[in-house]
Amino acid sequence: MTVQELPENAIEMRNVSFSYGQGGFCIQGLNLEVKKGEFLAVLGHNGSGKSTLARLANGILMPDKGEISIFGQVLDDKHLYDLRSRVGVVFQNPDNQTVASVVEDDVAFGAENVGLDREEIGRRIDFALSAVGMQDYRYATVSRLSGGQKQRIAIAGVLALRPDVMILDESTAMLDPKGRREIIDVVSRLNREEGVTVVLITHFVEEALLADRAVVMNRGEIVMRGTPAEIFSRGDELLTYNLTLPRIGIISKRLREGGMSVGDTLDFEKLAEEIARCVS
Amino acid sequence: MKAVAFGQYYPANSFVHRLDPRMKLLFLVAFIVAIFVANNFYGLAACAAVLVFVIAFSRVPFLKVLSAVKGIFFLAIFTGAINVLFHTGEKTYWAGPAVYWNWGIFCVSQEGIVFSVFLILRLLLLVLCSSMLTYTTTPVSLTDGIESILTPLKWVKFPVHALALIMSIALRMIPTLMEETARIKNAQTARGANFESGNLFKRIGAFIPVLIPLLLSAFRRADELSDAMEARCYKGEKRTKYKKLRFSWRDLVAFLVMAAMIAGVALLRVYLGEIL
C-alpha cells in the first residue's frame, strides 16, 4: 500500500469473504473501494449480502477472509473503536436504534460513548440536529415522532460522532415516500455540504439516481459497477438480479420500443426536451 | 395508543417538578420513615400537612392526586377489616364497651377500630406521597436520579451504569412495544381470534398468540438495538454523561422541610406517646 493511496479511499475491501456459519458464504471474494467524499449507492435484492456489507465496514462483523481498511488503516480489534467513530451506520428500523426516550439524550448517546465533555456534546447535538433539520425537536419524545423524523434522529445520533463516512443500511425501507424523500435529501446535502462520504444501501433503484457511482450486488458478489446512468442503461441485466429500472428509465425504454428516438437519460428535463424534439 | 403517556407524569413547571430527582427520592424515603415513626394521629396529621403543602406547590390538581388512591381502595378496606377483626385491646376512646363483639379469635373492639383507621391513613399517605413522586418526575429523570444515588455501589463492582442504561432502554421501549401489541392484537383479531369473551382462563389463553410474536419481536429488536449501540461506539466503559444533575436552592428548601418533618414527628412521638 502506497502512501498516495491513503487519502483516496475511505473504505477499501480486498477479497473479503464472510459467512454466518452454515449455509455457504454470505459475502464472497468481494472487492470494493469507496472514494473519499463520494456518494455510492449499493443496490441489491433481498439476501444479496448488502446489509452484511454495512456491518463489515463498521466492524460489527469481522471478515472470515480478506482485509478491510478504513482510510488506509486495516480494521482489526486494536483499531476497532477508533475506526468505528469514523464510519457511522444508520440501520433499517428507526425504532430499533433509539436508545433514549428524549431526542437530545439519544443524539448524545454516541458522543457520550467516546468520552467527550459536556460542552462538546452540547455543541455536537446542536450541529447534528440542525444538520438533519430537527433542531426544533430537541426536547421531544422520540416515540411521538413520525418514521421519517425518527430516522433523521438516528442519522443525527450518528452525526454526533462526526463520522467521515456514513453508511445507510436500507434506512429508507420502512418509511413512507415522504419519509424516504426526507432522508435522501438530508443525506445528499450532508454529502455535498459537509463532505461526508455516503454509502447508500437500498433496493429502491430510484434512490441511486442521486449517487456519483453505483454497484449492484447479487449473492454476495458485486456484479455491476458504474455510474447510475451506465448501470441503468443495462436494464435487462438488472432484471436478472431482481432489480427494475427507475421509473424514468422505464419510460424512456418504452418510448424507444415504441419507435421514438429518445436517448437513454435519467434526467427528467432532458427526456422532456427530447420528447418535444421528436414530436415537433 | 400513541397518546398514552406511560407512567403518570403530570407535566408542569412547578417548584416540586424542578426539584432534583435525588432530593425527591430522598424526601419520599424520609416521608415513609416519618409515617412509620409517627405512632399517634398528631404525627400523621403533621405528615399529611406536609403532603398537602407539597401537592399545593406541585400544581398537580388535588383530585388527580386523590385518584391515585383508587388503585389501593380494596387493599385498604381489606387491611382495615382484618385489623378490626383480629386486633384486641381494652383501651376505650369513647363512651361504650371496650369490646363490642367477640366470637372465637375474632373480636371487634374500640382499640381495633382506632388501630385500623390509623393503618389505613398510613397506607393512604404512603400511596399519595409515592404517586406525587411519579406525578412530578419524568421516568427519565427518575432513572438518572436512581443511577446517581447508586453510584457509590461502583466501589463494590456493581454495574450501576449498565443497570441505569437497562432501565432507560426499558422505558424507551414501552411505547414501541405497546404499539406492537396493538398491532399484533389487530392482526390476530382479523384472523378470527377473540379476546373479549369467555372465562378468565380462556381470555388468558387467547393472549398466547399475541405474547409469542411479541416476545419474538422483542428479541429481534434487542439484537438490532445492540448492533446499533455498538455502531455508535458503545463499549460500556469510559463514558461521559451529557446530563448532570445539580442541586439548587429548591433542594435545600426541600431538605429543610424534610428535616423539620422528621424532627416534628419524632417530638410528637416522644411527648404524646401512642395512639390517642
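Quick caveat, the model's predicted, so the values are computed rather than measured.
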Can you pull out the residues in [range] with any heavy atom less than 4.5 Å from chain B?
range	answer
residues 111-125 of chain A	A:Ala111, A:Glu112, A:Asn113, A:Val114, A:Gly115, A:Leu116, A:Arg118, A:Ile121, A:Gly122, A:Ile125
residues 52-59 of chain A	A:Arg55, A:Asn58
residues 42-50 of chain A	none

Run the side-chain contact (heavy atoms from CB on, under 4.5 Å) test on B:Asn194 and B:Lys202 for me, step by step, so that the C-alpha distance in whole Å, both residues' side-chain angles and the decisive distance to 0.1 Å come before the verdict.
CA-CA 10 Å; B:Asn194 185 351; B:Lys202 266 204 176 135; over 6 Å; no
Find the one option among [options] whose heavy-atom pairs under 4.5 Å with chain B are most numerous.
options	value
A:Val158, A:Val90, A:Ile60	A:Ile60
A:Val142, A:Asp105, A:Asn93, A:Val89	A:Asp105
A:Val99, A:Leu80, A:Leu161, A:Ile167	A:Val99

Margin query: Quick check on the interface: out of B:Leu165, B:Thr240, B:Asp223, who has the most heavy-atom pairs with chain A under 4.5 Å?
Written below: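 Between B:Leu165, B:Thr240, B:Asp223, the count favours B:Thr240.
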Could you tell me how the ring of B:Phe31 sits relative to the ring of B:Phe27: parallel (under 30°), tilted (30 to 60°) or perpendicular (over 60°)?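 Aromatic pair B:Phe31/B:Phe27 classed parallel.
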Exercise. Are A:Asp64 and A:Ser17 close enough, and set up right, to give a side chain to side chain donor-acceptor pair (under 3.5 Å), and what steps lead you there?
Worked result: CA-CA 6 Å; A:Asp64 296 336; A:Ser17 296; over 6 Å; no
Compare all side-chain heavy atoms of [X] with those of [Y] and state whether any distance is below 4.5 angstrom.
X	Y	answer
A:Asp76	A:His79	yes
A:Met217	A:Leu30	yes
A:Asp82	A:Ile70	no

Segment of [X] engaging chain B (4.5 angstrom heavy-atom cut-off):
X	value
A:Ala100	backbone
A:Phe109	both
A:Asp106	both

Per-pair distances, 0.1 Å, donor-acceptor, side chain in residues 53-68 of chain B, under 3.5 Å, sequence neighbours excluded:
residue : atom : partner : partner atom : Å
B:Ser58 : OG   : B:Ile55 : O            : 2.7
B:Ser58 : OG   : B:Val60 : N            : 3.2
B:Ser67 : OG   : B:Lys64 : O            : 2.5

